[in-house]
Q: 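Pasting a structure below so you can have a look.
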Amino acid sequence: MPSYDHKTIEAKWQSRWEKRRAVEIDLSSSQNKYYMLMMFPYPSGDRLHVGHGRNYILGDALYRFLRMRGKRPLNPMGWDSFGLPAENAAIARSVHPRDWTLNNISVMKEQFKRWGILYDWSKEVTSCQPDYYRWNQWLFLRMYEKGLAYKKRAPVNWCPSCQTVLANEQVVEGRCERCRTEVIQKDLEQWFWKITDYADRLLAGLDDLDGWPERVKTMQRNWIGRSEGAELDFRIPSIEETLTVFTTRPDTVHGATFMVLAPEHPWVERLLGNGERDQEILAWIERVRNTPRLEREGEGVVKEGRDTGAVAVNPATGEEIPIWLANYVLPDYGTGSIMAVPAHDARDLAFARQEGLAVRLVYHPEGDEIDADSLEEPILDRGEIRNAAPFDGLSAGAETVGRFIAWAEEQGFGRARVTYRLRDWLISRQRYWGTPIPVVYCDKCGIVTVPEDQLPVELPYDVEFTGKQGNPLSRSQEFVTAACPNCGGEARRETDTMDTFVDSSWYFLRYLSAKDDSQMFSAATAESWMPIDQYIGGIEHAILHLLYARFVTRVLHDFGMVDVEEPFTNLFNQGMITRYAEASGRVEKMSKSRGNTVSPDQLIEDMGADTERVYTLFLGPPEDEVEWNDDAVYGAHRFLNRIVRLQERLSETPPTGTDDDELDRTVHRTVERVTRDLEKFKFNTAIAALMELMNALSKAVEDRSTSRLVCDQAFDTLLKLLHPMAPHLTEEFWERRGHPDSLLDVDWPDFDPEKLVSETVNLAVQVDGRLRDTIVVPSKADEPLVRSLALASDKVSRNLDGRSISRMIFVPGRLVNFVTGKSA
RNA sequence: GCGAAAGUGGCGGAAUGGUAGACGCGCUAGACUUAGGAUCUAGUCCCGACAUCGGGGUGGGGGUUCGAAUCCCCCCUUUCGCACCA
């Protein structure tokens with residue numbers, strides 16, 4: 001007999017689940033609520049491969065498990081459907097982004113269905129539809145009102161290939177996160193969201209996220225990059241200004257022998273005056289500004305600088321020190337300028353040596369005299385202060401830093417300050433396929449936001465996709481021309497659209513009110529259903545999406561719209577699936593571009609979705625990266641086929657049996673194992689346990705020494721426990737065995753702890769920690785009995801070899817260990 | 001360079017202080033068969049020609065412990081994150 005008829009069975013159950021809308025949930029009650037969420041996908045034109053399947057299969061198995069355990073899980077799905085590929089498809093294939101996207105969505109939906117994956121489609125959310133993105137616009141208006149959205153001219157990241165600006169989070173190692181093209185800097189006027197206002201709260205909130213992987217929290221902490229220190233003021237007599245710098249080491253201010261400004265610093269031209277070298281310096285600045293980020297900030301980049309000729313006054317010593325410009329000072333961190341303390345900072349020391357600038361020690365190592373001119377390594381955290389009364393004798397540390405800050409405050413040239421590495425979120429994009437920013441520009445009134453009752457500002461369908469420079473929106477006269485909402489005069493519409501990460505920063509709230517066209521979401525429903533109990537998605541969003549979503553949730557919290565501050569209580573990052581790629585000769589992430597994908601369509605055709613599901617979950621721990629093995633898939637298929645054959649032979653079992661207890665015990669033990677494993681997402685070991693149960697039941701049927709009743713019960717339990725992994729097959733056999741309800745509505749089995757214990761146990765017997773024998777003892781046997789039974793073993797006595805026993809370790813149910821007296 | 005995680009048979013992996021290698025893939029031998037991507041049975045960490053006996057074994061070295069894949073220290077390798085952030 002070949003394989004079972006998976007095609008008929010799977011089609012039958014998929015259509016049944018769909019018809020009875022088995023997963024639709026009424027949000028008006030939040031009793032036993034469990035909000036689970038898979039990161040919503042981008043509907044790319046490529047069909048999903050089995051690597052994508054891991055994420056969705058995992059989620060579906062979790063859904064079914066939770067439901068059988070009495071939870072009411074909300075399991076929605078939607079589409080992160082704005083984005084560049086749609087626009088690129090339009091250019092390459094003359095298909096409108098909207099049509100292309102909507103078609104992709106229907107293809108993906110069909111793929112989900114064929115995997116047996118159930119979502120509550122009544123709450124479907126599609127971010128490229130006006131009924132969704134109008135609330136992006138609404139949110140923008142609220143943020144603008146509160147000063148959280150603002151426009152400024154700034155040096156920004158520009159991806160020449162995507163033809164748009166990018167947020168800092170979307171630049172990875174100097175390259176575009178999407179297309180890997182090297183990013184360049186441009187000065188542009190752009191819209192930002194003020195995430196920096198939330199830096200401290202976003203950082204502090206991480207401490208309470210116990211359900212998040214440590215590494216994700218670490219990445220977010222590093223990204224936010226809090227650093228404590230002080231700002232200090234340095235007077236610049238020539239231009240009558242005070243230059244404020246940020247430093248974490250105000251205690252080294254006496255050693256500041258020069259200042260360094262970023263070449264972009266706004267005062268540069270004033271500082272230069274009219275010197276002869278100025279033309280050369282300006283040209284140099286231009287060159288630095290145009291250097292790609294990667295070359296400017298990467299490892300081993302050569303430090304370059306120029307002397308402005310101007311001087312500043314060190315507030316601690318009263319000395320005049322030169323002001324330099326250098327490429328190692330970044331324009332957008334701190335104040336874009338530093339006090340350079342070469343004796344106590346590696347970068348400043350390298351620069352001072354290169355340019356022949358003075359080095360002065362503040363901290364002197366105890367004992368040996370060090371000559372500042374021959375210092376090779378900066379002194380970072382040792383030594384004691386000299387020649388800086390009244391601080392002489394202090395050693396480096398937080399306390400000393402505090403005393404310096406207090407002193408600077410007293411003297412009026414400094415104050416405590418905390419700085420973050422996090423920058424504001426640049427949300428403008430020069431692309432068509434995104435949410436239009438609801439703003440118009442009026443010659444008379446300036447920036448005017450579109451009134452709420454005029455939302456949504458809809459994307460015009462009828463635009464030209466030429467692939468030429470510039471956003472197609474800006475060439476649409478119909479779109480650009482607008483009446484000023486303020487004065488009614490002629491105005492121009494903003495043609496930039498929003499970063500698609502805006503869409504994904506709050507979609508989980510929209511699921512709760514997907515059809516509500518009167519508000520962004522219902523505060524009451526959000527109160528009862530938020531936070532999300534379990535969020536599942538890839539690690540690639542560790543910073544990007546997860547940071548933005550935390551930010552926007554806090555903003556909405558501050559607007560009084562949602563009570564929680566953290567949207568995701570538990571976060572699970574599934575690992576990716578890899579496979580050997582011919583092209584590279586290596587095992588790599590499964591992807592279309594690497595040519596190492598496996599299509600679920602063919603696999604499902606041949607062996608069924610249940611086989612793919614079981615195999616995918618069996619591959620390894622879901623958080624790990626695992627390698628797809630084409631041959632091993634048959635193992636999962638074989639397992640399911642054995643269950644089918646087993647079912648056919650159940651009727652051969654006798655009415656009574658002598659081994660009933662043994663099988664019954666295995667069943668209870670399996671329930672315990674599978675339940676515990678699924679609670680921890682350990683689907684791989686849960687399936688292994690089910691294979692063991694199947695093997696045991698198979699043997700019981702074969703031996704005919706176990707009763708029909710117990711075998712039947714074992715089989716039913718196997719079906720229930722396997723249902724989350726192989727839903728179609730289990731539903732089919734559950735029905736064939738005469739059970740009226742769908743397994744979705746059947747309770748998860750319980751186990752009886754008393755039935756886990758057998759009459760006897762195998763006990764390992766060790767001598768000096770080495771295994772010498774295993775013996776069978778009554779499970780309730782006490783120490784003296786075990787001792788005598790163990791000593792009765794030939795192997796044990798042979799290995800004791802007459803030596804005296806100085807100690808016996810007894811671990812009930814596991815082992816005994818005889819420790820012999822050391823004769824030596 | 002800094003930080004984190006990981007390293008177990010031919011392969012994916014199991015075991016988080018107590019019988020290392022569960023479960024599966026692959027492989028070997030046999031059975032059965034209108035032959036299928038069959039199925040069933042047995043075996044499968046290494047060495048001692050065989051073994052129910054013995055030794056070794058979880059990247060390497062050391063330590064703690066009656067007992068270590070598991071805990072601690074040093075080293076090696078791989079992967080990931082950060083990397084002129086003042």
Side-chain angles (χ1 to χ4, degrees), chain A residues 1-3 172-173 213-216 218-223 225-227 229 245-249 252 260 262 296-303 326-330 332-341 344-348 350-351 419-423 539 542-543 606-607 614-615 618-621 623-639 641-642 645 673 682 684-692 694-695 698 702 762-774 795 798-799 805-820:
Chain A
M1 146 134 192
S3 120
V172 179
E173 289 174 348
E214 209 49 53
R215 63 174 173 155
V216 175
T218 304
M219 282 163 74
Q220 292 215 354
R221 283 191 189 106
N222 290 341
W223 187 259
R226 179 187 157 96
S227 113
V245 299
F246 173 74
T247 177
T248 53
R249 296 296 303 273
T252 62
V260 187
R296 174 147 172 203
E297 293 181 23
E299 188 182 7
V301 171
V302 181
K303 289 184 174 44
N327 61 346
Y328 78 97
V329 172
L330 307 172
D332 51 359
Y333 183 75
T335 61
S337 53
I338 61 163
M339 66 171 195
V341 186
H344 305 297
D345 181 280
R347 298 152 300 182
D348 296 342
F351 191 68
T419 294
Y420 297 90
R421 203 185 81 122
L422 184 70
R423 308 291 147 78
I539 187 73
I543 293 174
D606 293 343
M607 289 181 275
V614 168
Y615 178 64
F618 185 63
L619 261 171
E623 66 274 20
D624 285 4
E625 177 180 306
V626 288
E627 188 183 337
W628 186 271
N629 177 339
D630 293 331
D631 290 332
V633 184
Y634 306 135
H637 192 50
R638 220 169 275 159
F639 169 55
N641 271 317
R642 279 184 196 145
R645 279 196 299 275
R673 286 171 67 184
K682 298 274 181 204
N684 55 327
T685 47
I687 291 170
L690 291 171
M691 286 171 167
E692 286 182 58
M694 207 269 314
N695 289 338
S698 234
E702 181 74 27
N762 283 328
L763 209 67
V765 185
Q766 298 181 333
V767 175
D768 289 330
R770 293 171 161 286
L771 181 69
R772 294 304 177 188
D773 199 5
T774 59
K795 292 176 192 169
R798 197 179 331 131
N799 279 285
I805 295 163
S806 64
R807 201 173 150 193
M808 185 182 111
I809 312 285
F810 174 48
V811 183
R814 308 227 59 144
L815 61 67
V816 286
N817 185 11
F818 293 110
V819 185
T820 63

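None of these values were measured; they are calculated from a predicted model. Each chain gets a letter, A, B and so on, in the order the sequences are listed, and its residues count up from 1.
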Q: Looking only at side-chain atoms of A:Arg772, point me to the closest of B:C23, B:G54, B:A86.
A: B:G54
Q: Do any side-chain nitrogens or oxygens of A:Arg814 fall under 4.0 Å of OP1 or OP2 in B:U19?
A: yes
Q: Donor-acceptor pair, A:Arg423 side chain versus A:Asp332 backbone, under 3.5 Å?
A: yes
Q: Under 4.0 angstrom, heavy atoms only, what part of the nucleic acid is A:Asn684 near: base, sugar-phosphate, or nothing?
A: sugar-phosphate
Q: What nucleotide among B:C84, B:C80, B:C25 has an atom nearest to a side-chain atom of A:Arg638?
A: B:C25
Q: Distance check, P atoms only: B:A15 and B:G81, in whole angstrom units.
A: 27 Å
Q: Across the strands shown, which category fits A:Val329 at heavy-atom distances under 4.0 angstrom: base, sugar-phosphate, nothing?
A: base
Q: Which atom pair, heavy atoms only, marks the closest approach of A:Ala340 to A:Val260?
A: CB-CG2, 4.1 Å
Q: With the side chain of A:Ala632 defined as its heavy atoms from C-beta on, choose the nearest nucleotide among B:G13, B:C25, B:G18.
A: B:C25
Q: Tell me which nucleotide among B:U39, B:G12, B:A86 gets nearest to the side chain of A:Phe618.
A: B:G12
Q: Consider the side chain of A:Leu619, meaning its heavy atoms from C-beta on, and name the nucleotide among B:G12, B:C66, B:U39 that approaches it most closely.
A: B:G12
Q: Heavy atoms only, 4.0 Å cut-off, all strands: where does A:Gly334 land among base, sugar-phosphate and nothing?
A: nothing
Q: Heavy atoms only, 4.0 Å cut-off, all strands: where does A:Asn695 land among base, sugar-phosphate and nothing?
A: sugar-phosphate
Q: Under 3.5 Å for both donor-acceptor distances, Watson-Crick or wobble: does B:U39 have a partner, and if so which one?
A: B:A31
Q: Kindly point out which of B:C23, B:A14, B:U19 is positioned nearest to the side chain of A:Thr685?
A: B:A14
Q: Quick check on RNA chain B: between A:Glu625 and A:Leu815, whose nearest nucleotide comes earlier from the 5' end?
A: A:Glu625
Q: In the structure shown, which nucleotide is the Watson-Crick or G-U wobble counterpart of B:G17, with both distances under 3.5 Å?
A: none
Q: Ignoring backbone atoms, test whether A:Arg807 places a side-chain nitrogen or oxygen under 4.0 Å from the OP1 or OP2 oxygen of B:G67.
A: no
Q: Find the partner of B:U64: check Watson-Crick (N1-N3 plus N6-O4 or O6-N4) and G-U wobble (N1-O2, O6-N3) distances, both under 3.5 Å, and reply none if neither fits.
A: none
Q: Does any donor atom in the side chain of A:Tyr328 or A:Asp348 lie under 3.5 Å from an acceptor atom in the other side chain?
A: yes
Q: Would the distance check show the side chain of A:Asn817 and the main-chain N or O of A:Gly769 forming a donor-acceptor pair, the cut-off being under 3.5 Å?
A: yes
Q: Strictly by Watson-Crick or wobble contacts shorter than 3.5 Å, is anything paired with B:C50, and which nucleotide is it?
A: none
Q: Nearest to the side chain of A:Arg421, which nucleotide is it out of B:C25, B:A86, B:C82?
A: B:C82
Q: By the 4.0 Å heavy-atom rule, please label A:Glu627 as base, sugar-phosphate, or nothing.
A: nothing
Q: Pick base, sugar-phosphate or nothing for A:Thr774, based on heavy-atom distances below 4.0 Å to the nucleic acid.
A: base
Q: Between B:A35 and B:G18, how far apart are the two C1' atoms, rounded to whole Å?
A: 50 Å
Q: Among B:C25, B:A86, B:A22, which nucleotide sits nearest the side chain of A:Ser227?
A: B:A86
Q: Checking base pairs now: Watson-Crick or wobble, both atom distances under 3.5 Å. What partners B:G1?
A: B:C82
Q: Would you mind telling me which of B:U19, B:G67, B:G12 lies closest to the side-chain atoms of A:Asn817?
A: B:G67
Q: Considering only heavy atoms from C-beta outward, does the side chain of A:Thr774 approach that of A:Leu763 to under 4.5 Å?
A: no
Q: Closer than 4.0 Å, any side-chain N/O of A:Arg642 to the OP1 or OP2 of B:A38?
A: no
Q: Please work out if A:Glu214 contacts a base, only the sugar-phosphate, or nothing of the nucleic acid, heavy-atom cut-off 4.0 Å.
A: nothing
Q: Given B:A22, B:G18, B:C84, which nucleotide is nearest the side-chain atoms of A:Asn327?
A: B:C84
